[in-house]
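Chain naming here is simple, since letters A, B, ... match the order of the sequence lines and numbering starts at 1 in each. Computation of the quantities below employed the complete heavy-atom set of this structure, encompassing side-chain atoms and omitting hydrogens, waters and symmetry-equivalent molecules.
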Protein chains: 2
Amino acid sequence: MTIQPSACPSGDEKVELFGLLLETNARLARTLGLELEAECDLPLAWFEVLLQLRRASESRLKMNQIADAIVHSTGGTTRLIDRLVEAGLVVRESCPSDRRAIYVAMTNAGDAKLDEALGVHLSYLDKNLAGRLSATERTTLAGLLVKLNASA
Amino acid sequence: MTIQPSACPSGDEKVELFGLLLETNARLARTLGLELEAECDLPLAWFEVLLQLRRASESRLKMNQIADAIVHSTGGTTRLIDRLVEAGLVVRESCPSDRRAIYVAMTNAGDAKLDEALGVHLSYLDKNLAGRLSATERTTLAGLLVKLNASA
DNA sequence: GACAAATAGTTGTAAAGGCAACTATACTGG
DNA sequence: CCAGTATAGTTGCCTTTACAACTATTTGTC
């Protein structure tokens with residue numbers, strides 16, 4: 001009844017790969033999250049929102065775009081943005097062309113906070129990404145992830 | 001209209017890669033989690049535990065090994081295992097050589113549940129992994145993730 | 001135009017997980 | 001052997017998030 005670990009851990013190469021993806025991600029997210037929290041007092045989810053906003057044209061996105069970008073439920077995103085607003089890092093703005101929609105835009109404080117966090121993030125990445133993968137490998141990895149991510 | 005990864009103002013290649021990793025993982029985990037939940041009534045975290053147990057010699061692991069393998073806190077793991085025990089999928093066994101430690105072992109029901117879940121998982125993987133990456137690409141990806149994961 | 005369906009966002013409720021404090025057991029140096 | 005420290009696991013308390021139900025608005029159809 002027991003399965004030999006060396007013979008067939010759980011059998012399938014794809015199962016292994018998926019498990020590896022989950023584990024790698026969980027570890028990196030945990031490490032970075034703790035570091036951001038400790039050095040900038042910024043939860044990882046907040047950092048992700050700010051990063052998405054900076055990427056966006058005019059530094060603003062609608063609620064549903066944020067939810068999609070950071071892969072949260074819409075309800076969860078509402079609460080998350082509530083907290084960012086309360087912290088003064090973003091503001092909600094109404095959308096003239098669609099009165100259901102709400103824009104979320106960065107404040108100056110949010111912008112500054114993101115700069116600070118990016119500093120920590122980059123030093124983290126130097127340790128944990130660049131220290132382990134060459135530039136070529138990183139490019140390859142990014143390409144594979146893009147494929148994986150396509151229209152998931 | 002919003003997100004322009006190519007013209008990204010926060011533009012470090014490593015930041016991009018990290019974001020991609022987070023996003024890919026979140027999407028895949030979300031999709032698989034929903035599928036497992038819908039078809040087997042099995043939360044993803046439970047699945048991960050059962051998978052780790054099957055991989056282990058004698059189908060059992062100590063609490064801290066589980067916590068480490070699935071990247072949870074020890075407190076969180078205690079609660080998670082509580083739920084699995086209540087569902088009859090695993091049992092706790094005392095460790096004769098160290099009275100602080102506790103083994104978690106699969107029950108027959110847990111073993112059967114894992115078989116069922118692996119069926120769903122594999123069909124999911126065929127759609128979402130094999131459909132997007134060739135066998136060679138999957139091997140490459142696995143290799144890169146192992147490097148990334150090393151002693152995180 | 002009006003009604004049905006789709007879409008954007010919020011809220012109630014509940015579950016999952018983290019951290020820190022705690023208990024119990026094991027190890028280590030004197 | 002004893003004190004001090006390290007380790008295994010559990011528990012209290014809290015935050016975060018998901019899901020489903022709900023409101024408000026828009027769009028598509030006739």
Check the distance between dT10(C)'s P and Arg99(A)'s CZ and give it to me in whole angstrom.
-> 16 Å
Looking only at atom types and distance, does a side-chain atom of Asn149(A) sit under 3.5 Å from a main-chain N or O of Leu145(A), one as donor and one as acceptor?
-> no
In whole angstroms, the gap separating P of dT25(C) from CE of Met63(B) amounts to 17 Å
Provide, to the nearest angstrom, the distance between the CG atom belonging to Asp98(B) and the P atom belonging to dC27(C).
-> 7 Å
Which of dA26(C), dT10(C), dG18(C) is nearest the side chain of Arg79(B)? It is dG18(C)
Linking I/L/V/M/F/W/Y whenever any side-chain heavy atoms sit under 4.5 Å apart, do Ile70(B) and Leu34(A) land together?
-> no
Send over the distance from Ile66(A) CD1 to dA8(C) P, rounded to a whole Å.
-> 14 Å
Do Glu86(A) and Arg83(A) pass the salt bridge (Lys or Arg N to Asp or Glu O under 4.0 Å) test, and can you show the C-alpha distance, the side-chain angles, and the key distance before you say yes or no?
-> CA-CA 5 Å; Glu86(A) 195 181 11; Arg83(A) 278 170 251 138; over 6 Å; no
To the nearest 0.5 Å, atom NZ of Lys62(A) lies from atom CZ of Arg100(A) at 8.5 Å
Is there a donor-acceptor pair under 3.5 Å between the side chain of Lys14(A) and the backbone N or O of His121(B)?
-> no
Hphob cluster co-occupancy, Leu148(A) + Phe18(A), side-chain heavy atoms under 4.5 angstrom = yes
Within residues 68-78 of chain B, the residues having a heavy atom closer than 4.0 Å to DNA chain D are Thr74(B), Gly75(B), Thr78(B)
Length of the line joining Glu37(B):CD and dA14(C):C1', which is rounded to integer Å = 14 Å
Could you give the CD1-to-P distance, from Ile102(B) to dT23(C), as a whole number of Å?
-> 17 Å
Just the endpoints, please: which first and last nucleotides of DNA chain D, 5' to 3', lie under 4.0 Å from a heavy atom of chain B?
-> dA6(D) to dC19(D)
In sequence, state the C-alpha distance, the side-chain angles, and the governing distance for Leu80(B) and Trp46(B), and then conclude on side chain to side chain contact (heavy atoms under 4.5 Å, CB included).
-> CA-CA 8 Å; Leu80(B) 177 56; Trp46(B) 297 25; 3.6 Å; yes
Any chain of hydrophobic side-chain contacts (each under 4.5 Å) joining Leu44(A) to Leu125(A)?
-> yes
Backbone N/O of Val71(B) and side chain of Arg30(A): donor-acceptor pair under 3.5 Å = yes
Any donor-acceptor pair under 3.5 Å from Thr107(B) side chain to Gly88(B) backbone | yes
Sorted by number, residues from residues 42-50 of chain B placing a heavy atom under 4.0 Å from DNA chain D are none
Residue pair Arg100(A)/Leu34(A) against DNA chain C: nearer the 5' end by closest nucleotide is Arg100(A)
Output yes when a side-chain donor or acceptor of Tyr124(B) lies under 3.5 Å from a complementary backbone atom of Leu28(B), and no otherwise.
-> yes
Position toward the 5' end of DNA chain D (nearest nucleotide), Arg83(A) or Ala101(B) | Ala101(B)
